[in-house]
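See structure below.
Quick note: residue numbers are just sequence positions, from 1.
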Amino acid sequence: MNFGRVLEEATPLLLEGLWLTIGVSLLAIAIGIVIGLIMCLMKMSNKIVFRAIAGAYIWVIRGTPMLVQAFIVFFGFPQVIQMFAPSFRLDAFTAGVITLSINAGAYLAEIFRGGILAVPKGQSEAARSLGLSKGKTMLKVVLPQAFKISIPSLVNQFIISVKDTSILSVIGLAEIVNKAKTYVGKSYEFFSTYIFVALFYLIIISILMIISNYIEKKLKYEEKKSGK
């Protein structure tokens with residue numbers, strides 16, 4: 001176990017993987033927010049077809065392991081598409097973003113639904129009494145407040161997504177765990193390398209947890225201040 005050697009040799013590789021990990025997570029959360037919001041509104045729709053589609057999506061994604069989802073996206077979908085377009089290929093980065101996005105989207109849908117339900121009904125009633133349509137009330141009155149309520153949960157979901165990127169190493173995504181595997185295969189420094197990987201994750205997650213706690217405290221302070 002040579003920590004000095006691993007620190008010198010593996011750190012540049014691990015940093016490359018770390019930046020990719022963060023980049024994939026940010027992109028996936030951005031897409032996941034769009035998916036989650038659409039699925040949330042569909043699940044709360046008056047139309048049974050929309051509710052059924054959203055419910056099925058959330059049920060399937062939350063009920064299956066992300067590892068299986070990654071295999072389906074990376075290996076399964078291309079095989080089906082190649083029946084019609086033989087030259088179709090899907091790289092690990094794109095497959096990783098798709099997998100992480102649809103996975104986060106299912107959880108974000110429930111987070112947004114909880115945020116919408118937490119907005120007092122009086123807000124909607126007041127907006128409707130002023131002549132706003134149901135759609136405009138949702139867009140201009142309910143959603144901004146629901147999004148604000150959901151911010152701490154959004155940060156927590158981002159933390160989960162950052163950790164979930166490690167699963168995507170199985171499809172060849174060159175994130176931090178994949179880079180560690182590459183280095184370990186050459187150096188056989190298993191213990192030291194994965195200790196450093198754990199430390200990298202711990203530092204990033206700790207920073208995100210501090211941000212989440214700060215946002216949550218600030219929101220609570222603003223609620224108390226407005227209550228007064």
Keeping [X] on the side-chain end and [Y] on the backbone end, is there a donor-acceptor pair under 3.5 Å?
{"X": "Ser45", "Y": "Leu41", "answer": "no"}
{"X": "Glu175", "Y": "Leu20", "answer": "no"}
{"X": "Thr64", "Y": "Val60", "answer": "yes"}
{"X": "Gln69", "Y": "Ile61", "answer": "yes"}
{"X": "Ser212", "Y": "Met209", "answer": "no"}
{"X": "Ser161", "Y": "Gln157", "answer": "yes"}

Of the non-hydrogen atoms in Gly115 and Ser150, which two are nearest, and what is the gap between them?
CA-OG, 3.8 Å

Can you give me the closest heavy-atom contact between Val142 and Val119, atom names plus distance?
O-CG2, 3.9 Å

One pair to check against side chain to side chain contact (heavy atoms under 4.5 Å, CB included): Met42 and Lys47. What are the steps and the verdict?
CA-CA 8 Å; Met42 286 176 66; Lys47 302 205 177 278; over 6 Å; no

Could you walk me through whether Ile176 and Thr165 pass side chain to side chain contact (heavy atoms under 4.5 Å, CB included), step by step?
CA-CA 9 Å; Ile176 188 169; Thr165 55; 5.7 Å; no

Calculate, to the nearest 0.5 Å, the distance between atoms CD and OG belonging to Glu110 and Ser153 respectively.
12.0 Å

Within this structure, what is the CD1-CD1 distance for the pair Ile151 and Ile211, rounded to the nearest 0.5 Å?
12.5 Å

Criterion side chain to side chain contact (heavy atoms under 4.5 Å, CB included) on Lys181 and Tyr194, from CA distance to verdict:
CA-CA 9 Å; Lys181 286 181 180 179; Tyr194 287 115; 3.5 Å; yes

Verify side chain to side chain contact (heavy atoms under 4.5 Å, CB included) between Phe74 and Leu173, making sure each step is shown before the conclusion.
CA-CA 11 Å; Phe74 188 62; Leu173 183 68; over 6 Å; no

